[in-house]
Amino acid sequence: ILAQALTALAAYLQLKNKSMYYNTMRLSRAKQQELQNEIEKLRGLGTNDSNDRADLLRAELLDEQRFSNDLSTYYHTIASK
């Protein structure tokens, strides 16, 4: 019975891990899309202030993309073990 309980717990934790990963990736993709839309809108304005703000958002977008890539790499490394 104890072995079955441990197996069930391990399966639950794996499912919880996958759920957290997919949820985090979904939120990251939504944030990236939001940033891209805001950058396009600001670039369309064409003012110096809007271009400066778009540059800052571009840096934030790159950070978010790196985070997403790092998380994906980490998750797939752990999942393959």
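Numbers for residues simply follow the sequence, beginning at 1. Computed from heavy atoms alone, side chains included, the values below leave out hydrogens, waters and symmetry copies.
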At what distance, to the nearest 0.5 angstrom, does [atom1] of [X] lie from [atom2] of [Y]?
X: K18; Y: K16; atom1: NZ; atom2: NZ; answer: 15.0 Å
X: L57; Y: L61; atom1: CG; atom2: CG; answer: 8.5 Å
X: I39; Y: Q36; atom1: CD1; atom2: CD; answer: 7.0 Å

Beyond-backbone contact of [X] with [Y], side-chain heavy atoms, under 4.5 angstrom:
X: D55; Y: R43; answer: yes
X: T47; Y: S50; answer: yes
X: L13; Y: L9; answer: yes
X: R58; Y: L62; answer: yes
X: N51; Y: L42; answer: no

inquiry  = Within the supplied structure, the quantity of interest is the number of heavy atoms (other residues, nucleotides, ligands) at a distance under 6.0 Å from Q65 CD; does it exceed 12?
reply    =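 Enclosed.
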
Electrostatic pair D63:R66 at N-O distance under 4.0 angstrom: yes

Checklist entry - Less than 4.0 Å between a side-chain N and a carboxylate O, is that true for E60 and K31? => result yes

Look only at the side chain of [X] and the backbone of [Y], and say whether a donor-acceptor pair between them is shorter than 3.5 Å.
X: T24; Y: M20; answer: yes
X: N23; Y: S19; answer: no
X: T73; Y: N69; answer: yes

Just by distance, no angles: are the side chains of Q32 and S28 close enough, under 3.5 Å, to form a donor-acceptor pair?
yes

*Does the side chain of Q33 pick up a donor-acceptor pair with the side chain of N37 at under 3.5 Å?*
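Distance-only check passes for Q33 and N37.
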
Over 60° means perpendicular and under 30° means parallel, so tell me whether Y21 and Y75 are parallel, tilted or perpendicular. parallel

Single-linkage hydrophobic cluster F67~M25, side-chain heavy atoms < 4.5 angstrom: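 Same hydrophobic cluster.
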
Indicate, with yes or no, if L35 and L45 share a hydrophobic cluster defined by side-chain heavy-atom contacts under 4.5 Å among Ile, Leu, Val, Met, Phe, Trp and Tyr.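 Yes, it is one cluster - the side chains of L45 and L35 are joined through contacts under 4.5 Å.
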
